[in-house]
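Note sheet for the following structure.
Order of listing sets the numbers, starting from 1, for every ligand and every atom in it.
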Amino acid sequence: MSKLTKKIVIAIDGFSSCGKSTFAKAIAARLGYIFIDTGAMYRAVTLCAINQGAVSEDLVNEQAVVALLDGVDISFKFNSEREASDVYVNGECVEDQIRSIEVSNCVSRISSIREVREKLVALQQQMGRDRGVVMDGRDIGTVVFPDAELKIFMTADAKVRAERRYAELTAKGDKVTMEEILENVISRDKADMTRAISPLRQAEDAVVLDNSYMSVEEQMEWFMERYESLVKE
Ligand code: DC
């Protein structure tokens with residue numbers, strides 16, 4: 001079977017607030033693939049941990065987080081209005097709640113817990129077992145699908161990323177300042193790159209996309225060139 005008819009895995013990793021999900025969603029729509037936002041899964045576990053008092057902006061009780069994992073059932077359901085999948089925890093849609101600044105401030109500590117990663121990586125591998133997926137995160141090309149046929153590592157200037165996130169949150173009515181957003185972006189970059197388990201790093205066979213000054217259309221053009229040259233091989 002040629003690669004043109006065979007469905008592949010597209011792994012998109014990179015820094016926070018790079019527009020990975022927007023890009024991955026556009027690719028999935030174009031190719032008729034499933035899009036999986038793995039950051040949403042780490043955020044969903046974080047939300048549960050906050051609700052159960054296992055983490056706050058000051059401290060984390062790792063044992064309590066590990067203890068709640070078995071009771072957390074994460075799934076996605078397509079939302080035709082948003083043209084993307086919403087994340088659910090035990091049947092409840094938590095898509096809006098997981099984007100809060102409180103969750104953003106706690107998620108790095110939750111995602112650095114080994115048991116949390118083991119559970120979510122296994123779930124992600126199961127979701128992508130039939131290929132035909134675009135998955136975005138931090139460790140997709142290195143850990144979840146090291147055999148992904150196309151790996152993209154996304155990056156953008158930290159200030160540009162903070163401005164994008166600020167616009168997104170204030171549009172929703174969140175009361176945030178540019179300073180706290182930039183601080184969150186920089187501290188998450190550091191936490192993502194320096195954690196002991198599955199730190200954020202570029203896979204050797206990944207192609208880099210710096211989208212600081214690129215529109216979504218330009219990124220799509222960049223992607224289609226790579227995708228087409230890959231499937232024509
Ligand atoms: O992509 P995001 O900003 O929504 O991700 C939220 C957090 O989850 C981020 O700080 C790092 C973590 N994460 C991770 O450790 N591994 C992934 N595959 C995806 C996200």
How far is atom 19 (C) of ligand 1 from its nearest protein heavy atom, and which residue and atom name does that atom have?
-> T38 OG1, 3.4 Å
So which pairs with a foot in residues 193-225 pass ring pair (Phe, Tyr, Trp, His ring centres under 6.0 Å), sequence neighbours left out?
-> F223-Y227
Output yes when the distance from some N or O of ligand 1 to some N or O of D37 is under 3.5 Å, and no in every other case.
-> no
For atom 3 (O) of ligand 1, what's the nearest protein heavy atom and its distance?
-> R188 NH1, 2.8 Å
Report the distance from atom CG of L169 to atom CG of N184, rounding to the nearest 0.5 Å.
-> 9.0 Å
Among protein heavy atoms, which lies nearest atom 11 (C) of ligand 1, and at what distance?
-> D192 OD1, 3.3 Å
May I ask you to check whether R43 has an N/O atom sitting below 3.5 Å from an N/O atom of ligand 1?
-> yes
Going by the order shown, which atoms of ligand 1 are within less than 4.0 Å of some heavy atom of S111?
-> 12 (C), 15 (O)
Do the charged groups of D147 and R131 touch, with an N to O distance under 4.0 Å?
-> yes
Side chain, backbone, both or neither: which part of R117 has a heavy atom under 4.0 Å from ligand 1?
-> side chain
Within-4.5 Å side-chain heavy-atom neighbours: V133 and M127 = no
Does ligand 1 have a heavy atom under 4.0 Å from the side chain of R195, from its backbone, from both, or from neither?
-> side chain
So, R43 versus S104: side-chain donor-acceptor pair below 3.5 Å or not?
-> yes
Taking only Lys NZ, Arg NE, NH1 and NH2, and the carboxylate oxygens of Asp or Glu, determine whether D37 and R99 approach each other closer than 4.0 Å.
-> yes
If you take all heavy atoms of L68 and A49, which pair is closest and at what distance?
-> CD2-CA, 3.8 Å
N/O separation below 3.5 Å, Y42 to ligand 1 | no
Atom 18 (N) of ligand 1: the protein heavy-atom neighbour that sits closest, reported with distance to 0.1 Å = D139 OD1, 2.8 Å
Residue-ligand contact Q124/ligand 1, heavy atom below 4.0 Å | no
Of K20, R138, R109, the residue with the heavy atom nearest atom 2 (P) of ligand 1 is R138
Under the side-chain contact (heavy atoms from CB on, under 4.5 Å) test, which residues partner M178, sequence neighbours left out?
-> A162, E163, Y166
Could you tell me whether some N/O pair between R99 and ligand 1 is separated by less than 3.5 angstrom?
-> no
Taking atom CD of E218 as the centre, does the number of heavy atoms from other residues, nucleotides or ligands within less than 6.0 Å exceed 12?
-> yes
Sub-4.0 Å heavy-atom contact, M41 with ligand 1 = no
